[in-house]
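Here the structure comes first, spelled out in structure tokens, and everything after it is commentary.
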Amino acid sequence: MLTRDEDVLAAAESWREAGRDVAIATVVETWGSAPRPVGSHLVIDGEGNFLGSVSGGCVEGAVVEEAAEVIAEGAPRMLEFGVADETAWRVGLSCGGRIKVYVEKLA
Amino acid sequence: MRLDVLKAMNSARAERRAGAIVTRLADGEQRFVAAERIDADPLGLQLEGALRMGKSAAVSVEGEDYFLTVQAPAPRLTLIGAVHISQALAPIARIAGLDVSIIDPRTAFATPDRFPDTPISAKWPDEALAEAPLDRYTAICLLTHDPKIDDPALAIALRADCFYIGALGSRKTHAKRVERMRARGFDEAALARIHAPIGLDIGAVSPAEIAVSIIGEIVASLRKKPLRAESAAA
């Protein structure tokens, strides 16, 4: 069963209602060939469980790590990924695109 | 994201109402705007555009960056006829992301055995569609070959402005159907919205191949241009 972005947001609500810490990551901009469209969501809980996708698997690991910090600190942050990025050797998009991901805590 | 904002969005989705979350990216300030309230919103113009396309978008207004998370109702597919094509079309459409349901008053056809994963109603279309009304985010396929069953559903679909209306049958069958609908008072513009013969012309022969041609036509209607009713309203 494929997970739709709306289902991901429904899960965010029910996870929070169940008392879990939750962060929501959203693709807000893409340049060139990007794996997931603007508006795609990844929902992450305090334990590192996640649902949805912002890149089809390329940068999810990094987003989950950042989400843990957003949950701890509370302030939203903007992440950028792409081959031109200095982090490209670590995580990046093999398709050559760039994406901007907004990560916020659900409070 | 504020939980109350997310709840407003999710409940709009559950009730098949359109709307959007506006997030100011500089500081995370947020609100949910229901589709019927966008005129009163400072970002009304941008919200109108995003909702019409059914797509979330980043916008820049007076030097401030915002993100609009759009909630457009999930597309549905209603099949009139629990027939052989429906047995292939229901699972294909579900994988493509449509919520599928089937209506067929002939109880011999409308059995859970034949459609184990699809909600199925053995009521007549006018009764079944009164319980689960069609809307502009719904596609409908008329597949029974029986005017007693197909025609009432077609009339309801035309009035509900379904984004896709497909009708099975040859050109000759369709010409007769158009005649009957004309007699019911539908004009040429309305009748031109019926896709018939149903499906893209890919030379489909088997029920499964016909199902593929139908889902292709539905996806094209959904994605290639803004939903007809919404572009007309713009």
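Order of the sequence lines sets the chain letters (A, B, ...), proteins ahead of strands, with each chain counted from 1. Computed from a predicted structure; not experimentally measured.
- Here the OH atom belonging to A:Y102 is positioned 10.0 Å from the OG1 atom belonging to B:T69, to the nearest 0.5 angstrom.
- If you take CE on A:M78 and CZ on B:F67, they are separated by 9.0 Å, rounding to the nearest 0.5 Å.
- Contacts between A:A75 and chain B at a heavy-atom distance below 4.5 Å are absent for every atom of the residue.
- Put simply, the side chain of B:R13 does not reach to within 4.5 Å of the side chain of A:L9, judged on heavy atoms.
- Residue B:A57 touches chain A through its backbone alone, counting heavy-atom pairs closer than 4.5 Å.
- Under a cut-off of 6.0 angstrom, the local environment of CZ in B:R106 is crowded, with over 12 non-hydrogen atoms contributed by other residues, nucleotides or ligands.
- Note that the CG atom of B:L25 and the CD atom of A:E29 stand 8.5 Å from one another [nearest 0.5 Å].
- In this structure, CD1 in B:I21 is found 7.5 Å from CD1 in A:I24, a value given to the nearest 0.5 Å.
- In terms of heavy atoms, A:G39 sits closest to B:S56 at CA-CB, 3.6 Å.
- Around atom CG of B:D201, no more than 12 heavy atoms belonging to other residues, nucleotides or ligands sit under 6.0 Å away.
- Looking at A:V27, only its backbone comes within 4.5 Å of chain B, counting heavy atoms on both sides.
- The distance from atom CD of A:E104 to atom CG of B:L6, rounded to the nearest 0.5 Å, is 9.0 Å.
- Scanning all heavy atoms of the two residues, the minimum distance from B:G28 to A:P76 falls at CA-CG, 4.4 Å.
- There is no contact between A:S40 and chain B, counting heavy-atom distances below 4.5 Å.
- The CZ atom of A:R16 sits 7.0 Å away from atom CG of B:L3, with the distance rounded to the nearest 0.5 Å.
- Contact of A:E13 with chain B is made through backbone and side chain together, with heavy-atom distances under 4.5 Å.
- B:L45 CG: 12 or fewer foreign heavy atoms inside a 6.0 Å radius.
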